[in-house]
Each structure stands twice: as C-alpha cells, then as structure tokens.
Amino acid sequence: MNLKLIPFLLLAVTIFSCQKELSLENTTVTVGGGGTQTNECKACVYIPVCNGSHFTYYDTINGTGGLITDTLQFIKDTSMSGKTFQKFFATGNQSYSYTNCTNGESRLVGFSVVTVGGNNITKVALIQLKANLSVGGSWSDTVINQLGQAIIYNSSIISKGTSSTLNGQTFNDVIHVQIEIGADIPLVGFYVVNSADYYYAKGVGLIEYIATDYLSGNVIQHRTLKSYYIP
C-alpha cells in the first residue's frame with residue numbers, strides 16, 4: 001500500500017488549539033519586519049496564540065533523542081473562506097502557517113514540502129481540535145497529497161479534564177485527541193496506516209505528541225514539552 005501521508009503535525013509547536021472561555025486579554029505587539037498583532041491573544045484556551053511564544057520539546061525519533069525549539073512571530077491577519085486567520089512564522093523550522101479559532105474549533109492551514117518527483121508543495125487545511133465536543137466526539141478532514149491520493153484524518157476526543165506530568169511539570173485540564181490516518185480503498189474500506197495522539201493543556205497548548213505505526217504498533221515519533229514561554 002503506497003500511501004504518501006502528509007503528517008498532521010506540520011509544525012510541531014505551531015498547532016493551535018483554541019477555545020473562547022477565558023477572559024479576553026487584548027494585546028498589541030509590533031513585530032520587526034512584520035505586522036502588528038492586535039487581537040485577544042490569550043482568548044484561545046488550549047493554546048495562547050501570542051507573538052513571541054517560545055516552546056522547547058524533547059523529540060525522540062527511532063530512539064534518537066533531541067530538542068526541538070521554536071518561537072512564533074506574528075506577521076499579519078488575512079481572510080480565507082470567510083474567516084480571519086492569523087499568519088505566523090516559526091523561526092525554528094522557518095515555516096509559515098495560518099491559524100483560526102472559531103467557537104472552539106481550531107484550524108491550521110500550512111504547506112507540506114515533501115518532494116515527490118519534483119518540488120511539489122501541497123496546501124494542507126485541518127481542524128486540530130473541536131474543544132467544545134464531549135468525550136467521544138469526532139470529526140474528519142481530507143487532504144489530497146502529491147500523488148493525488150485522498151488522505152483522511154479521522155479525529156476523536158478520547159478524554160478531557162485530565163492531568164499529565166511531563167519532565168517534572170504537571171499540567172491540568174488536558175484534552176486528548178486521537179487521530180487515525182489512512183485512505184478509503186475500493187473493496188477494502190478505510191485502511192489505517194498511522195495513528196497519532198495529541199495532548200493539549202489549558203493555557204499552554206500542545207504538551208505531548210505520539211505517532212504510531214498502526215500495523216506494527218511501534219511508536220515512530222514522540223515529543224514532550226520541556227519548557228515554554230507565553231508573553
């Protein structure tokens with residue numbers, strides 16, 4: 001089965017999960033070479049989307065450990081599909097992304113730069129979290145990859161309101177989202193290739209990410225939050 005998957009974790013520390021339920025904190029931040037962020041930057045509960053936010057993760061791939069760090073720089077607001085998205089630049093991996101949070105639904109628009117027979121770039125639009133859903137709630141996204149295949153991301157909320165201790169830090173009010181990634185195959189049905197688990201802590205954002213090869217059950221990527229700073 002030759003499915004070319006576009007990773008859901010496009011930018012490890014720029015997946016934004018938002019839910020409007022905190023008091024609004026309006027901010028105005030001038031970005032060198034960019035724009036001015038005037039928004040309720042801490043209104044998104046499951047990750048504050050603020051200019052200058054800095055995250056460091058322990059990253060383990062195939063048993064090799066390392067550190068992944070990134071800082072978010074706000075560029076400008078832009079309109080897509082009738083919604084206002086915030087454009088950010090991640091200094092660590094030199095990538096741009098667009099985020100939107102509406103009624104607890106967090107959206108990310110990014111670009112896959114996987115090369116298949118040339119320098120192909122695919123636009124990827126996904127919903128990372130529907131924070132207002134109850135446990136068991138689900139949603140689905142479809143992405144057309146560089147081979148023209150329809151890759152399906154089936155997401156569901158496994159738990160809410162739990163606590164998690166990582167690297168000596170305890171995070172409360174955590175939402176666990178699990179995603180099965182695959183494709184609809186004629187005469188077979190939905191064929192799962194990979195699964196992924198995301199853990200979002202209230203007021204912090206993404207604290208843990210685990211990617212698993214569905215067939216073997218082997219963990220192929222694991223990231224845990226080491227430190228963070230949110231202005």
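Computed from a predicted structure; not experimentally measured.
Linking Ile, Leu, Val, Met, Phe, Trp and Tyr residues whenever their side-chain heavy atoms come within less than 4.5 Å leaves L67 and Y229 in two separate clusters. Linking ILVMFWY side-chain heavy atoms closer than 4.5 Å, directly or via other members, places I158 and V174 in two distinct hydrophobic clusters.
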Subject >> Worked verdict on W139 versus I157 for side chain to side chain contact (heavy atoms under 4.5 Å, CB included) >> reply: CA-CA 9 Å; W139 65 95; I157 294 181; 3.9 Å; yes
**OP:** Output, in order, the C-alpha distance, side-chain angles, deciding distance and verdict of side chain to side chain contact (heavy atoms under 4.5 Å, CB included) for V204 and L225.
**Re:** CA-CA 10 Å; V204 179; L225 185 64; 3.7 Å; yes
**OP:** Verify side chain to side chain donor-acceptor pair (under 3.5 Å) between T69 and T56, making sure each step is shown before the conclusion.
**Re:** CA-CA 4 Å; T69 63; T56 299; 5.1 Å; no
**OP:** Under the side chain to side chain contact (heavy atoms under 4.5 Å, CB included) rule, what do E180 and Y214 come out as? Steps first, then yes or no, please.
**Re:** CA-CA 8 Å; E180 291 186 343; Y214 194 81; 3.7 Å; yes
Original post:
Between N194 and T212, is a side chain to side chain donor-acceptor pair (under 3.5 Å) present by the stated rule, with each step listed?
Top reply: CA-CA 6 Å; N194 291 327; T212 306; over 6 Å; no
Subject >> Evaluation steps, side chain to side chain contact (heavy atoms under 4.5 Å, CB included), between H176 and K160 >> reply: CA-CA 6 Å; H176 174 194; K160 300 181 74 173; over 6 Å; no
Original post:
Should D173 and Y46 be marked as a side chain to side chain donor-acceptor pair (under 3.5 Å) after you check the CA-CA gap, both sets of side-chain angles, and the distance that decides it?
Top reply: CA-CA 9 Å; D173 200 344; Y46 286 94; 3.1 Å; yes
**OP:** Step by step, work out the side chain to side chain donor-acceptor pair (under 3.5 Å) result for N100 and T102.
**Re:** CA-CA 6 Å; N100 168 272; T102 303; 2.8 Å; yes
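From I185, atom CD1 reaches atom OH of Y191 across 8.0 Å, with rounding to the nearest 0.5 Å. The CD1 atom of I179 lies 8.5 Å from the OH atom of Y209; values are rounded to the nearest 0.5 Å. Rounding to the nearest 0.5 Å gives a distance of 4.5 Å between CD of Q178 and CG of D197. Here CG of L129 is found 12.5 Å from CG of L108. Values are rounded to the nearest 0.5 Å. With rounding to the nearest 0.5 angstrom, the CZ atom of F74 is 12.5 Å from the OG atom of S53. With rounding to the nearest 0.5 angstrom, the NZ atom of K130 is 9.5 Å from the OG atom of S155.
In this structure, T162 and S164 have side chains that are not in contact, with every pair of non-hydrogen atoms separated by 4.5 Å or more. Side-chain contact check for E105 versus Q128: every heavy-atom pair is 4.5 Å or farther apart. Side-chain atoms of F85 and T78, non-hydrogen and from C-beta on, do get closer than 4.5 Å to each other. Residues M80 and V109 have side chains in contact (heavy-atom distance under 4.5 Å, counting atoms from C-beta outward). Contact check for Y200 versus V177: side-chain heavy atoms found under the 4.5 Å cut-off. Counting heavy atoms from C-beta on, the side chains of Q221 and D59 come closer than 4.5 Å. The shortest distance between side-chain heavy atoms of Q86 and Y98 does not fall below 4.5 Å. Contact annotation: the side chain of R223 approaches that of I68 to within less than 4.5 Å [non-hydrogen atoms, C-beta and beyond].
Side-chain atoms of S216 come within 3.5 Å of backbone atoms of N218 as a donor-acceptor pair (strictly under, hydrogens ignored). With hydrogens and angles disregarded, a donor-acceptor distance shorter than 3.5 Å links the side chain of N132 to the backbone of N103. For the pair K202 (side chain) and G161 (backbone), a donor-acceptor distance under 3.5 Å is absent. Within the 3.5 Å criterion, the main-chain N or O of L166 finds no donor-acceptor partner in the side chain of K226. A distance-only check finds no donor-acceptor pair linking the side chain of D141 to the backbone of Y153 [under 3.5 Å].
In terms of heavy atoms, L206 sits closest to Y57 at O-OH, 2.6 Å. Contact record, G203 with I230: O-CD1, 3.6 Å, taken as the closest heavy-atom pair. Y199 and I210 get closest at one heavy-atom pair: CE1-CD1, 4.3 Å.
Note: Y228 and F55 have parallel aromatic rings, judged against thresholds of 30 and 60 degrees for the angle between ring planes.
For the pair K87 and Y96, the cation-pi test (distance below 6.0 Å, angle within 45°) is passed.
Looking only at atom types and distance, the side chain of D70 has no donor-acceptor partner in the side chain of H54 under 3.5 Å away. Using a 3.5 Å distance cut-off with no hydrogens or angles, the side chains of S138 and N154 do not pair a donor with an acceptor.
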